[in-house]
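Values reported hereafter were calculated over all heavy atoms of this structure, with side chains retained and with hydrogens, waters and symmetry mates removed. Start at 1 and go down the list; that is how both ligands and their atoms are numbered. Numbers here simply count residues along the sequence, with the first being 1.
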Amino acid sequence: MIRVLSVTSECAPLVKTGGLADVAGALPGALAPLGVEMRTLLPGYPKVMAALKKPNTVLEDPDLFGGPARVVAAKVAGLDLLVLDAPHLYARDGAPYNRPDGQDWPDNPERFAALGWIAAQIAGGGLAGWHPEILHCHDWQAALAPYYLRAHHPDARVGTIMTIHNIAFQGLAPVAKLPSLRLSAADMTQEGFEFWGNISTLKAGLVSADRITTVSPTYADELLTPAFGMGLDGVLRARQGVLSGILNGVDLGVWAPPYRTPTGKRRYKARLRQTLDLPEADGPLCVVVSRLTYQKGLDLLLDALPRLLDQGGQLALLGSGEPELEQAFRRATAHANVAVTLGYDEALARLLIEGGDAILVPSRFEPCGLTQLYGLRYGTLPLVAYTGGLVDTVIDASPAGLRAGVATGLQFHPTTAEALSRAFDRLCGLYSHPDLWLRMQRNAMRHPVGWDQSAADYKALYDGLTGR
Ligand code: ADP
Ligand code: GLC
């Protein structure tokens, strides 16, 4: 058994804003059969605290960044959780990172520094009876853990891994916060966590961790370039030797289509149309399940949409995010073949993926992306931008891909409205050839999207760090 402490700010099914939660929630189960005992350290938001049955206090800290805190151990939904109960930091209603008005909590740096601090304490031997051999940290919210471990527990023999799910979120804080984040001014350097005059907690993790991973091989390459590295590409190039990309998987137990063959989709498509009040149509029913942000390129979809609708296609979108995008999509519903649901709705997300013909992911950048993987598994063909994990998971219906009989979806490049419009032409063309479409659906449904390979890759990484 290898003992791993996974540190994350969200974890399905307890608290989720995006794919990080799915991945953090799935990793323990994916790795258990390989002899990995993973415990997950998570902030005690109200929703998380409410889900704990028989919590058992395993660690106490009378002064954790401004108030008393404790760590409680509990099993929930098959997860072996360590929950950081610190009411002064986490007992706030709503989304994990934002005030009710949508702004970030001003003390987010401290809230997540506290998570890293406790993670380092546990990794440093602070928990009686359970000493992790690996500290595996996800995104900026956990990124101070490897730094604190090195600074405050230098003798701990624990391998550290920093996983980047999205480099756009860098955990920036003004330099005035050095003392309140318990950071040493001596490390406010280019080699340390300084980033253009600010503190970057993500950078602290990137320079301190033994290994760095990200969530697809293509994104690992992209991160080394100025276009995708968002100012941290130099830091990553310097650490290229310890950086690797391990593709996310899908929890096949959670994402299990209620049909075995593509024809089984028909009744779900009918149910979806009925639910959303969409008429019958000749073209493909395209679905989107997404955060509505610049990253996701959905403004390009708005520009290219007429090309889909003109060819008899339909759009059903579920998402929430930037107010301008929400308004623009609301306006798009003036067309009878467009249905838009603003909000977060797991049941509707599932119905969209079950009933859609194609799922659209026109992202400007996409570290991995999960909805195209759900699409593959459900025979809902992914139409994706050629970037990041979307490159690694979809096989384009190019003439060669079709001839070889291996295509599982469509890719377009560059990420522009023009290229997306042309991809809609191709999509509608394929859809009008039921034999070709069916073949692609079969390929897609057979494409491996589970955790097997990636779990083995993480295990190999852990083995390398523990010297096994
Ligand atoms: P990201 O993490 O960048 O948002 P991913 O594709 O990795 O993108 O993961 C997004 C996850 O969040 C998926 O599980 C997706 O189904 C889910 N999701 C996104 N928006 C919604 C929504 N409005 N309602 C329900 N689920 C959503
Ligand atoms: C991030 C990325 C997404 C990835 C997810 C889980 O939110 O935007 O591409 O799938 O993390 O790793």
Side-chain angles (χ1 to χ4, degrees), residues 6 8-13 15-27 30 95-97 136-142 161-170 202 212-220 222-223 228 230 245-252 254-255 287-298 316-322 325-326 329 339-354 356 359-378 380 382 384-385 387-394 449 451 454 458:
S6 168
T8 178
S9 59
E10 40 186 285
C11 186
V15 49
K16 166 165 163 177
T17 72
L20 166 60
D22 296 275
V23 173
L27 273 178
Y97 316 123
H136 188 164
C137 303
H138 301 277
D139 273 353
W140 74 266
Q141 295 93 335
I161 299 173
M162 186 68 234
T163 295
I164 304 168
H165 293 263
N166 194 334
I167 201 126
F169 304 107
Q170 304 189 344
L202 178 61
I212 303 170
T213 70
T214 188
V215 289
S216 70
T218 294
Y219 194 58
E222 289 174 344
L223 281 176
F228 289 93
M230 301 195 191
I246 301 179
L247 211 52
N248 287 334
V250 163
D251 190 329
L252 301 180
V254 174
W255 293 95
V287 301
V288 174
V289 179
S290 183
R291 293 184 291 120
L292 303 183
T293 65
Y294 177 81
Q295 172 189 347
K296 301 294 179 180
L298 295 165
L317 174 139
L318 166 66
S320 65
E322 292 168 8
L325 278 169
E326 292 197 351
F329 275 107
V340 169
T341 310
L342 298 175
Y344 185 88
D345 183 339
E346 295 200 352
L348 180 58
R350 200 174 282 270
L351 180 59
L352 285 165
I353 291 160
E354 288 164 346
I359 186 159
L360 312 179
V361 193
S363 306
R364 290 191 166 86
F365 64 96
E366 196 60 76
C368 179
L370 294 177
T371 63
Q372 84 280 12
L373 299 178
Y374 308 151
L376 289 170
R377 182 140 168 81
Y378 283 70
T380 309
V384 303
T387 189
L390 304 173
V391 174
D392 298 325
T393 51
V394 175
V449 294
W451 273 103
S454 301
Y458 279 116

query = So which heavy atom in the protein is nearest atom 6 (O) of ligand 1, and how far is it from that ligand atom?
reply = Leu370 N, 2.8 Å
key: Among His165, Glu366, Gln372, closest by any non-hydrogen atom to atom 1 (C) of ligand 2   = His165
request  = Identify the protein heavy atom lying closest to atom 18 (N) of ligand 1, giving its residue, its atom name and the separation to 0.1 Å.
outcome  = Val289 CG1, 3.8 Å
ask   = How far is atom 24 (N) of ligand 1 from its nearest protein heavy atom, and which residue and atom name does that atom have?
value = Asp345 N, 3.1 Å
key: Contacting atoms of ligand 1, where contact means under 4.0 angstrom from a heavy atom of Gly319   = 23 (N)
key: Ring-ring centroid check Tyr374 Trp255, cutoff 6.0 Å   = yes
message = Just to confirm my output: which protein heavy-atom neighbour is closest to atom 27 (C) of ligand 1, and how far is it?
response = Tyr344 CE1, 3.4 Å
note = Taking every heavy atom of Arg364 against every heavy atom of Phe228, the minimum-distance pair comes out as O-CE2, 3.9 Å
query = Do any nitrogen or oxygen atoms of Lys296 come within less than 3.5 Å of a nitrogen or oxygen of ligand 2?
reply = no
message = Below a 4.0 angstrom heavy-atom separation, can you tell me which part of Thr371, side chain or backbone, both or neither, approaches ligand 1?
response = both
inquiry  = Polar contacts were defined as any N/O atom of the residue lying under 3.5 Å from an N/O atom of the ligand; does this apply to Cys368 and ligand 2?
reply    = yes
Sidechain N-carboxylate O distance under 4.0 Å for Lys296, Glu366 = yes
message = Please list, in number order, the atoms of ligand 2 under 4.0 Å from a heavy atom of Val215.
response = 12 (O)
inquiry  = Which of the numbered atoms in ligand 2 are under 4.0 angstrom from any heavy atom belonging to Asn166?
reply    = 8 (O)
Nearest neighbour in protein (non-hydrogen) for atom 8 (O) of ligand 1 = Lys296 NZ, 3.1 Å
task = Decide whether an N or O pair under 3.5 Å exists between Thr17 and ligand 1.
result = no
query = Which of the numbered atoms in ligand 1 are below 4.0 angstrom from a heavy atom of Tyr374?
reply = 13 (C), 14 (O), 16 (O)
request  = Starting from atom 23 (N) of ligand 1, locate the nearest protein heavy atom and write down its residue, its atom name and how far away it is, to 0.1 Å.
outcome  = Gly343 O, 2.8 Å
inquiry  = Given 3.5 Å as the limit, does a donor-acceptor pair link the side chain of Thr380 with the main chain of Ile353, or not?
reply    = yes
note = Under 4.0 Å from one or more heavy atoms of Arg291, ligand 1 contributes atoms 1 (P), 3 (O), 4 (O), 20 (N)
query = Where does Asn248 meet ligand 2, judged by heavy-atom distances below 4.0 Å: at the side chain, the backbone, both, or neither?
reply = side chain
query = Quick check: does Lys16 get an N/O under 3.5 Å from an N/O on ligand 1?
reply = yes
query = Would a distance-only check, ignoring hydrogens and angles, find a side-chain to backbone donor-acceptor pair under 3.5 Å from Glu10 to Gly18?
reply = yes
task = With heavy atoms under 4.0 Å as the rule, classify the contact between Pro367 and ligand 1 as side chain, backbone, both or neither.
result = neither
ask   = What atoms of ligand 2 come closer than 4.0 angstrom to any heavy atom of Gly369?
value = 3 (C), 4 (C), 9 (O), 10 (O)
